[in-house]
Amino acid sequence: MEDMRYQVDLLTAMNQKLKNTGRMYKLICDTSQRAFIYINLVNNTVETLGKWENFFDFNLNEAIDLPRVCDYFTEDSQGELRRLLFIEKEGKKHQSLDLRSKDEHKWICVEVSVHCDEAGNLSDKIIAFSDVTKQKTHQDELSFMAYYDFLTNLYNRNYFITKLKEFIDKAQKSNSIVSVMLMDIDDFHNISDSRGILVGDEIIQNFGLFLHDLTEANVIGSRFDSDIFCLAIYDPCGHRSVDTIYRTVKEYLANPIRLTDMTEVSISVSVGVAEFPECSENALELINCAEIVMLKAKNSGKDNIKFFDTAILNSFLREVDIENRLKEAVHMSSFFVNFQPQYFSATKKLRGVEALVRWRDKDSGLISPSVFIPLAEKNGTIIPIGDFVLDASIKAFTEWKKKFNYSMILSINISSIQYSRQDFVPKIISAINKYNMNPEELELEITESVLIDDFNVVVSKIEELRDFGIKVSLDDFGTGFSSLSYLKGLPIDTLKIDKSFIDSISSDTASKIITESIVLMAKKLGYSTVAEGVETLEQLEYLKSISCDLIQGFYLGKPMDEQGIEELLLRII
Ligand code: C2E
Ligand code: CA
Ligand code: CA
């Protein structure tokens with residue numbers, strides 16, 4: 001009896017323990033945010049636990065109903081899910097998948113595990129569902145940030161380069177071509193500066209989304225840098241040929257972009273194109289080649305397209321070589337100055353000389369300033385070169401003055417880079433003082449390119465120079481915007497009419513009319529006029545007849561060394 005009692009107590013205790021354990025497991029399942037299906041594989045019973053109703057709107061009572069779970073997911077994922085629900089058929093014990101809900105609002109992680117009894121026979125299966133939408137979105141955001149540009153949805157630079165390398169690998173194997181089109185929005189910084197960063201962003205977004213629409217499996221796009229975009233085209237032909245894409249871009253940009261503030265803005269792009277394998281087999285080099293020609297497109301008037309070829313590569317390599325040699329030349333004092341005489345047209349009397357720098361390179365001989373000055377402006381060597389010209393020409397000029405006591409003017413060319421420096425005026429003054437030069441005998445030739453700076457700053461510097469008695473002349477008039485209206489506000493002394501006008505006056509009546517009106521206008525504004533590049537008597541006579549004050553050119557005198565000027569002065573005094 002005692003024994004029976006003991007047995008009952010034991011059973012009751014075990015039962016209670018079991019109940020407690022069951023309750024505990026149920027509580028755990030219910031408080032987790034997951035839904036579970038428990039399947040007893042031996043007697044084929046099914047039970048659902050946890051947050052079942054958060055996922056499904058039906059009750060699952062029998063194992064045969066299990067495929068109904070699939071209806072909760074998108075059609076695309078149902079096949080995978082069916083396989084997952086019966087992993088035991090593939091001999092697997094555990095597997096999980098992230099799948100999309102049918103309404104595409106949620107990501108659900110489905111996890112299936114099967115278990116065996118002690119004899120090793122399949123006994124139980126657990127299927128768990130958990131909502132992983134938050135984690136997934138976060139992950140998507142992270143990978144978006146890693147691969148895409150948030151403003152345009154285009155690839156970012158790093159990911160684009162990775163994809164471009166894949167294109168190149170593929171093209172290498174199939175003997176195909178890959179084109180890279182680098183596009184830069186013209187004058188973007190002016191637009192962004194004048195209309196604000198938000199308008200700038202809107203323009204970038206608008207154009208970027210347009211480019212995004214052009215992308216497909218074989219055309220990828222990237223926002224490469226602030227306003228620079230890049231397309232890479234695998235096997236460019238038909239609708240994805242460079243020509244067709246460029247035409248589509250031009251057609252799109254033919255209409256102004258409408259902004260959210262209801263205003264409109266028109267933009268254009270300069271495009272550089274380089275091709276694998278012609279230009280390079282390396283993704284980064286290919287982009288560099290495209291950039292070189294894109295800059296060429298910018299420098300030749302913007303709003304156009306340029307293709308990289310070997311001639312361009314050679315001229316680029318030559319430029320790089322010259323730029324490097326310029327740095328050496330500055331240290332080795334390989335420069336010297338020539339002087340070209342300038343005459344009064346009415347009297348043929350010598351008015352003065354223009355200092356023109358020369359560079360004798362130890363390997364290539366004389367290199368023209370038209371070639372090296374723009375490169376010196378690019379790499380900054382224009383500053384020491386300009387300092388040298390200033391010093392050497394004033395030195396020579398003051399020596400002639402002492403020797404011949406002939407009153408004349410020294411004209412010196414000033415680059416906009418020099419002009420924009422804060423120490424520009426003090427440098428000029430100290431050079432004048434060093435050689436005791438009369439400032440009224442100095443004339444500085446500036447070009448319209450100095451106007452890239454604030455107009456008021458440019459003018460106040462001119463005024464400062466003129467307060468010292470120094471003259472200022474506007475060089476190459478007729479090659480820049482050449483608008484006479486801005487001239488009104490420019491307190492200069494002399495206007496130099498560019499050689500290109502003088503070249504065409506004998507053959508072209510329009511040039512004659514323009515030259516005549518420039519001279520007339522300049523006179524009204526109180527400037528003297530210089531005609532440069534005068535090569536014939538006919539040009540000289542004509543310029544005299546329209547009262548152009550001064551003449552400079554090969555007809556009356558080529559640039560010459562100090563010795564040449566001394567001989568000239570000896571002849572005229
Ligand atoms: P620029 O200031 O317009 O100088 C006039 C150029 O035309 C000079 O070329 C001169 O030799 C050339 N020239 C003068 N008369 C005639 C002519 O009748 N026919 C022809 N065909 N050419 C003529 P250069 O010396 O080669 O200088 C070219 C340019 O280089 C200059 O144009 C100027 O922009 C720049 N440059 C020269 N020296 C300096 C300098 O010391 N500093 C700066 N910043 N630029 C300089
Ligand atoms: Ca000049
Ligand atoms: Ca000139």
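Numbering of ligands and ligand atoms starts at 1, following listing order.
- Residues Thr152 and Asp149 have side chains that bring a donor and an acceptor to within less than 3.5 angstrom of each other.
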For this session: Just do the ring pair (Phe, Tyr, Trp, His ring centres under 6.0 Å) check on Phe229 and Phe207 with the steps written out, would you?
Result: CA-CA 9 Å; Phe229 296 85; Phe207 185 61; 5.2 Å; yes
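- Between Glu354 and Ser411, the side chains place no donor N or O within less than 3.5 Å of an acceptor N or O (distance only, hydrogens not considered).
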List of N/O pairs, ligand 1 versus protein, all under 3.5 Å?
{"residue": "ligand 1", "atom": "2 (O)", "partner": "Glu354", "partner atom": "OE2", "Å": "3.2"}
{"residue": "ligand 1", "atom": "2 (O)", "partner": "Asn413", "partner atom": "OD1", "Å": "3.1"}
{"residue": "ligand 1", "atom": "2 (O)", "partner": "Asp475", "partner atom": "OD2", "Å": "3.0"}
{"residue": "ligand 1", "atom": "3 (O)", "partner": "Asp476", "partner atom": "OD1", "Å": "3.3"}
{"residue": "ligand 1", "atom": "15 (N)", "partner": "Gln340", "partner atom": "NE2", "Å": "2.9"}
{"residue": "ligand 1", "atom": "18 (O)", "partner": "Phe554", "partner atom": "N", "Å": "2.7"}
{"residue": "ligand 1", "atom": "19 (N)", "partner": "Glu535", "partner atom": "OE2", "Å": "2.6"}
{"residue": "ligand 1", "atom": "21 (N)", "partner": "Glu535", "partner atom": "OE2", "Å": "3.1"}
{"residue": "ligand 1", "atom": "25 (O)", "partner": "Arg358", "partner atom": "NH1", "Å": "2.9"}
{"residue": "ligand 1", "atom": "25 (O)", "partner": "Arg358", "partner atom": "NH2", "Å": "2.9"}
{"residue": "ligand 1", "atom": "38 (N)", "partner": "Val357", "partner atom": "N", "Å": "3.1"}
{"residue": "ligand 1", "atom": "42 (N)", "partner": "Asn413", "partner atom": "O", "Å": "3.4"}

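- By the 30° and 60° cut-offs, the orientation of the rings of Tyr252 relative to Phe210 is parallel.
- Counting only protein N, O or S atoms, 4 lie closer than 3.0 Å to the Ca ion (ligand 3).
- For Phe455, the CZ atom counts as densely surrounded, since its 6.0 Å shell holds more than 12 non-hydrogen atoms of other residues, nucleotides or ligands.
- Under the 30°/60° scheme for interplanar angles, the aromatic rings of Phe372 and Phe335 are found to be tilted.
- In terms of distance to the Ca ion (ligand 2), the nearest N, O or S atom of Glu354 is named OE2.
- Checked by atom type, the side-chain pair Arg195/Thr263 shows a donor-acceptor distance below 3.5 Å.
- Residues Asp475 and Glu532 are in side-chain contact: their nearest non-hydrogen atoms beyond the backbone lie under 4.5 Å apart.
- Under the 3.5 Å distance criterion, with hydrogens and angles disregarded, no donor-acceptor pair is assigned to the side chains of Lys427 and Gln418.
- The closest side-chain donor-acceptor pair between Ser280 and Asn282, if any, does not fall under 3.5 angstrom.
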